[in-house]
2 protein chains.
Amino acid sequence: MSSPSSPSRGRPARLDRTRTLQTALDLLNQSGLDALTMRRLADAMGVQAGALYRYFATKQELLTAMAERMMEGAAEAATGASAGYTWQQQLTALARAARNALLTHRDGARVFAGTHATGASVLGFADAFVGVLREAGFPDDDAARTLYSVINFTVGHTLEEQAALQLESGRTEGADTGGGRPEGADTGGGRPEGAVPEGAGALRDAVTTGTYPHLAATLPALTSTDFTALFEFGLDLIVEGLRARRARAAATG
Amino acid sequence: MSSPSSPSRGRPARLDRTRTLQTALDLLNQSGLDALTMRRLADAMGVQAGALYRYFATKQELLTAMAERMMEGAAEAATGASAGYTWQQQLTALARAARNALLTHRDGARVFAGTHATGASVLGFADAFVGVLREAGFPDDDAARTLYSVINFTVGHTLEEQAALQLESGRTEGADTGGGRPEGADTGGGRPEGAVPEGAGALRDAVTTGTYPHLAATLPALTSTDFTALFEFGLDLIVEGLRARRARAAATG
DNA sequence: ACCTGAACACCGTTCAAGT
DNA sequence: ACCTGAACACCGTTCAAGT
């Protein structure tokens, strides 16, 4: 029990797990995951990089703790006032809470996807989610698999959403010093001479350049930036799929 | 047109886009994404690291080309013989082909998720996918959104699947030299003294330690390693959701 | 034209030594 | 007990210089 967390005798200790975690989350929000290095985090805490390893054995362990904290309160936020909600409404609320938790932190989905947090926040959320389905009468297997379906969809979606956010902003660093870059390394697509597009514009360009009739016809929806509507659409598909499965089971059983 | 790809006069050139790409994919399969560095790739090609930058302006561009190549043939693999399939069957085949394409390469999902490939493989796949839905009579918006739902679910799922594979193997490097590691940095959970579990065992441990009634009741399904069944479950949910949406639209319209 | 050599500005992690 | 200093073994990327 004489871990670094417990305040023994001696100097008051500039570091501890909680303060390090909070500073890491702040740094993440300010600068993004790529800029969150152990050295920069140490700097922000006025300490040498090596000192962090007394509280987190590896960077991976720190990231896992961050993922865990991101999910804090997600289950509660979705539970709302109390009862009177259908299982569809409860499931939808939980999924939205998960997406919101990831969106609340810059690169939240990347942090979550890169870790395997199994703390109280994540498991509490999972237990609430599975509980809704079990109490609605779904078989245990279906309940567990639905949890993964919704989580995987949510993480995949938010990964995309946050990647798109990063591209549409943050195009203003290292603003091309004008140094003669070797002319090679082209994609070979015969681009109009300008810069290589990267965001939604890249998709629009590529679609209109090539011959993709169906993509061309759906370009507006394909390049839409209404990620909330996109998330709701997929979520609704899953929930409706569950309802259909339930109706079928009721008819058969 | 005098790009490095076109063989002009001079020495035969040990490098080119295609050979570099192939070697990178081989190295990925052998060693994983974390070991795929520009320096190691250069080593594998018998060249200095800087030489690679004549063919790929950045590592990100190389990774995008890799993602693009992973998806090569996915649309065709799903199209199968010819017609006679329902839109549900065609959609399911396309989604399976996407997962298989990612699974075929080590860390394939991580590579794909970290890039924004908009080449012929990816767009051909997307066009085929959207085409199935449009020809089945779905509105353009629904077709485009369904594409994203399925892709995001598939990427999220395969990310998890490949992460789980990595954990259950590969526990045999840097086999603890016995050096006195500082004793701190514990999670504070009072673990039984052994090593920190990381795979499916970590989840099982955490669930049985805490008080999560619903997770405890569904533990077998929760810790199952049948990822194909898990993928099929989620995919079926989405497809059934689409069918329900279609039936509703037909009744209303 | 294509590649080498060498540098620049970083990384995560370890660990003896100080206080 | 807690942190510093300094190192180890790496990174991605740039670019003058050689051939």
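As a basis for the values below, the full set of heavy atoms in this structure was taken, side chains included, without hydrogen atoms, waters or symmetry mates. First the proteins, then the strands, lettered A, B, ... as listed; each starts at 1.
- A salt bridge does not link A:Asp26 with A:Arg106: none of the charged nitrogens is closer than 4.0 Å to a carboxylate oxygen.
- Here B:Arg40 reaches the OP1 or OP2 of D:dC11: one of its side-chain N or O atoms lies under 4.0 Å away.
- Taking atom CZ of residue B:Arg19 and atom P of nucleotide C:dC2, one finds them 14 Å apart after rounding to whole Å.
- Here D:dA7 sits opposite C:dT13 as a Watson-Crick or G-U wobble pair (both hydrogen-bonding atom distances under 3.5 Å).
- What separates CG of A:Asp34 from P of D:dG12 is a distance of 13 Å, to the nearest Å.
- Atom C1' of nucleotide C:dT14 and atom CZ of A:Arg54 are separated by 11 Å, given to the nearest angstrom.
- C:dA9 and D:dC10 have their C1' atoms separated by 13 Å, with the value rounded to a whole Å.
- If you measure from atom OH of B:Tyr53 to atom P of D:dG12, you get 6 Å, rounded to the nearest angstrom.
- Straight-line distance between the C1' atoms of C:dC2 and D:dA16: roughly 14 Å, to the nearest whole Å.
- Remark: P of D:dT13 and NZ of B:Lys59 are 8 Å apart, rounded to the nearest angstrom.
- Residues B:Leu219 and B:Leu215 fail the side-chain proximity criterion, which asks for heavy atoms closer than 4.5 Å.
- Going from atom CZ of B:Arg39 over to atom C1' of C:dC11 covers 11 Å, rounded to whole Å.
- Between the CG atom of B:Asp43 and the P atom of D:dC10 there is a distance of 11 Å, rounded to whole Å.
- A 4.5 Å side-chain heavy-atom check between A:Val122 and A:Phe112 finds at least one atom pair inside the cut-off.
- Contact annotation: the side chain of B:His105 never approaches that of B:Arg69 to less than 4.5 Å [non-hydrogen atoms, C-beta and beyond].
- In the set C:dC11, C:dC3, D:dC3, D:dC3 carries the atom at the smallest distance from any side-chain atom of A:Ala51.
- Taking the charged nitrogens against the carboxylate oxygens, B:Asp226 and A:Arg145 have no contact shorter than 4.0 Å, which rules out a salt bridge.
- Nearest nucleotide to the B:Ala13 side chain, out of D:dT14, C:dC2, D:dC3: C:dC2.
- Dashed line: the shortest gap from a side-chain N or O of B:Arg14 to OP1 or OP2 of C:dT4 is under 4.0 Å.
- Shown here, D:dT19 forms a base pair with C:dA1; the pair counts as Watson-Crick or G-U wobble because both key distances fall under 3.5 Å.
- OP1 or OP2 of D:dC3 sits under 4.0 Å from a side-chain N or O of A:Tyr55.
- B:Leu41 has its CG atom 16 Å from the C1' atom of D:dC10, to the nearest Å.
- Listed nucleotides D:dT4, C:dT4, D:dT14 differ in distance to A:Gln48; the shortest reach to its side chain belongs to D:dT4.
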